[in-house]
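Shown next, in structure tokens, is the structure this report addresses.
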Protein chains: 2
Amino acid sequence: MSESEGVRRTPLNRERVLAAAVAFADREAGGTDALSMRKLAQELGVVPMALYKHVANKEELLAGMVDTVVGGIDPPAAGADWKGAVRERVLSARRALRRHPWAPRVIEALPAPTPAVLGHLDAVIGLLRAGGLSADLAHHAMHALGGRLLGFTQELFDASPEAAPDPGVAARLAARYPHIAEVAATAAHAERAAEDGTAVGGGCDDQFEFEFALDVLLDGIERLHLAGWTSTGARRAVQ
Amino acid sequence: MSESEGVRRTPLNRERVLAAAVAFADREAGGTDALSMRKLAQELGVVPMALYKHVANKEELLAGMVDTVVGGIDPPAAGADWKGAVRERVLSARRALRRHPWAPRVIEALPAPTPAVLGHLDAVIGLLRAGGLSADLAHHAMHALGGRLLGFTQELFDASPEAAPDPGVAARLAARYPHIAEVAATAAHAERAAEDGTAVGGGCDDQFEFEFALDVLLDGIERLHLAGWTSTGARRAVQ
DNA sequence: CACCGTAGGCGTACGCCGTACACTCGTCAA
DNA sequence: TTGACGAGTGTACGGCGTACGCCTACGGTG
């Protein structure tokens with residue numbers, strides 16, 4: 001009764017909807033699989049269609065949820081050594097995502113990276129570049145890290161330029177994410193230079209990136225093996 | 001008319017259902033998102049419920065599809081150097097999965113790894129062990145490679161022992177996947193030995209695995225950076 | 001040959017989902 | 001006073017996974 005009149009219930013808005021959706025996915029076992037527009041509406045004491053005044057559709061709801069949690073990543077601390085800075089930033093990302101186990105899957109399932117995700121990637125590339133790495137090496141490093149460490153896929157650099165053939169939009173994106181733009185540009189050049197008939201149009205060489213990450217890992221593991229590395233020793237060394 | 005009598009249409013069976021499902025997901029843009037029991041049934045000229053005589057439900061259908069494609073990975077070639085053997089095996093896995101872009105996402109979404117996936121993992125661990133790596137290092141190496149390279153998540157080693165408290169079942173699994181079992185056992189011991197109050201029950205230390213992979217990558221990238229590595233040089237070296 | 005158990009395929013029905021579309025109704029500017 | 005507007009409502013549609021029961025052709029058995 002008090003709900004049907006009087007204070008009239010604080011009105012919905014985008015943030016309230018997103019926050020409730022995140023809370024729901026965090027609480028429920030199935031994560032975002034258990035989230036439906038209908039259940040979310042019920043949670044907010046509202047009819048399902050009311051949500052559509054604040055999000056265009058379920059996909060935009062999911063994107064908004066992702067941006068909400070990715071926005072919680074600490075800003076990068078630009079320190080002396082790039083390695084430490086990147087390490088800290090990636091661990092911060094991991095901390096943010098671990099509180100929302102559904103997030104990585106949703107990020108990968110979305111058709112395009114959200115602004116907050118792009119911002120995170122741009123920031124990490126910025127740290128690499130500030131550390132003196134070439135745009136080329138930074139590019140491949142991002143691919144190598146991409147797997148589970150950042151929660152984004154290699155389609156990023158492929159899709160972005162293709163989906164925005166409008167030069168105006170492209171320029172705006174380049175201004176907002178300068179490091180991504182720089183890396184994409186050098187990748188395109190390297191691609192053109194290395195072209196030999198197997199020619200992929202535009203994007204970067206997927207196979208090359210895959211083998212790059214694979215070899216960095218295998219070489220590193222071999223080095224540990226030859227040095228007689230043990231995890232108990234490593235754990236002790238940390239303390 | 002010829003369908004309603006005469007040859008009576010070759011009857012369905014599990015393989016035909018799985019093959020049709022894989023073909024459908026390969027052909028359709030949305031992959032397995034576009035796949036529904038109803039559409040698959042229509043494809044096979046059959047009513048939806050007919051499929052349930054051959055697969056228990058949609059989840060089992062997806063698991064069957066995964067096993068179909070993962071089964072296509074070449075057997076490991078046990079060569080002199082473990083690194084080359086692992087490299088080849090992982091690239092073979094990648095080749096198999098690239099023909100079915102929906103597969104990695106489905107593998108990660110399934111609640112438990114399928115037998116073929118377990119077999120693949122067991123084979124790779126076997127190569128590492130045959131190369132002389134300790135079970136401990138092999139364990140961490142698998143986690144590091146896990147990201148995008150193998151298409152499985154770190155929950156594997158956590159979930160397997162917990163979901164099978166029945167010692168008989170556990171023994172049967174250990175017999176079928178000996179390398180996985182060995183690695184899981186040493187991980188449990190190391191965990192117990194390193195326990196200091198933050199105690200995770202049973203599984204392996206997620207955070208440690210994450211930082212292990214992160215540091216192997218960062219160290220490797222740093223080494224390339226200091227050596228003046230360029231991708232055009234690397235590409236040229238390959239040819 | 002008659003019989004019948006069985007297994008593969010069919011039809012119907014239920015409860016969920018996302019969301020299009022047209023509506024009400026309170027608020028506020030003119 | 002009025003009229004536009006925007007938040008929330010109600011109804012409805014098509015699609016989904018799948019429970020349940022039925023039909024019917026087949027193979028083995030008496």
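Here is the naming used below: chain letters follow the sequence lines, and residue numbers restart at 1 for every chain.
Each side-chain hydrogen bond (donor to acceptor under 3.5 Å, both in side chains) pair with one or both residues in residues 56-65 of chain A, not counting sequence neighbours, appears once here: A:Arg14-A:Glu60.
Going from atom CG of B:Leu40 over to atom P of D:dC16 covers 12 Å, rounded to whole Å. Distance B:Leu51 CG to D:dC16 P: 13 Å, rounded to the nearest Å. The distance from atom CD of B:Gln42 to atom C1' of D:dC16 is 14 Å, rounded to the nearest whole Å. Atom pair A:Asn13:CG and D:dG8:C1' shows a separation of 14 Å (rounding to whole Å applied). Atom CG in A:Leu44 sits roughly 11 Å away from atom P in D:dT9 (whole-Å rounding). As a whole-Å value, the separation of B:Arg14 CZ from C:dA7 P is 17 Å.
Listed by chain and number, the residues in a side chain to side chain contact (heavy atoms under 4.5 Å, CB included) with A:Asp33 amount to none (sequence neighbours excluded).
Between the CZ atom in A:Arg89 and the CG atom in A:Leu128 there is a gap of 11.5 Å [rounded to 0.5 Å]. Atom CG of A:Leu62 is separated from atom CG of A:Asp67 by 11.5 Å, given to the nearest 0.5 angstrom. Taking NE2 from B:His120 and CD1 from B:Ile125, the interatomic distance works out to 10.0 Å, rounded to the nearest 0.5 Å.
Against DNA chain C, the stretch residues 20-29 of chain A makes no heavy-atom approach under 4.0 Å.
Considering only heavy atoms from C-beta on, A:Leu91 comes within 4.5 Å of A:Arg95 through its side chain. Counting heavy atoms from C-beta on, the side chains of A:Val70 and A:Thr114 never come closer than 4.5 Å.
Residue B:His54 places at least one side-chain N or O closer than 4.0 Å to OP1 or OP2 of C:dG9.
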Tabulate below the donor-acceptor pairs under 3.5 Å that side-chain atoms of residues 39-55 of chain A make, not counting sequence neighbours, or state none.
from: A:Lys39; atom 1: NZ; to: A:Ala34; atom 2: O; distance (Å): 2.8
from: A:Glu43; atom 1: OE2; to: A:Arg27; atom 2: NH2; distance (Å): 2.4

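Shortest non-hydrogen contact noted between B:Asn13 and B:Arg16 is OD1-N, 2.8 Å. In this structure, B:Met65 and B:Leu18 approach most closely via the heavy-atom pair N-CD2, 3.9 Å.
Inter-axis angle, ends of the helix from C:dC1-D:dG30 to C:dA30-D:dT1, five pairs per end, rounded to 10 degrees: 20°.
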Do A:Glu28 and A:Leu35 pass the side-chain contact (heavy atoms from CB on, under 4.5 Å) test, and can you show the C-alpha distance, the side-chain angles, and the key distance before you say yes or no? CA-CA 8 Å; A:Glu28 223 68 19; A:Leu35 179 69; over 6 Å; no
Enumerate the protein-to-nucleotides 16-23 of chain C contacts in which both atoms are nitrogen or oxygen and the separation is below 3.5 Å.
from: C:dC17; atom 1: OP1; to: A:Ser36; atom 2: OG; distance (Å): 2.9
from: C:dG18; atom 1: OP1; to: A:Met37; atom 2: N; distance (Å): 3.4
from: C:dG18; atom 1: OP1; to: A:Lys58; atom 2: NZ; distance (Å): 2.9
from: C:dG18; atom 1: OP2; to: A:Met37; atom 2: N; distance (Å): 2.9
from: C:dG18; atom 1: N7; to: A:Arg38; atom 2: NH1; distance (Å): 2.3
from: C:dG18; atom 1: O6; to: A:Arg38; atom 2: NH1; distance (Å): 3.1
from: C:dG18; atom 1: O6; to: A:Arg38; atom 2: NH2; distance (Å): 3.4
from: C:dT19; atom 1: OP2; to: A:Tyr52; atom 2: OH; distance (Å): 2.9
from: C:dT19; atom 1: OP2; to: A:Lys58; atom 2: N; distance (Å): 2.9

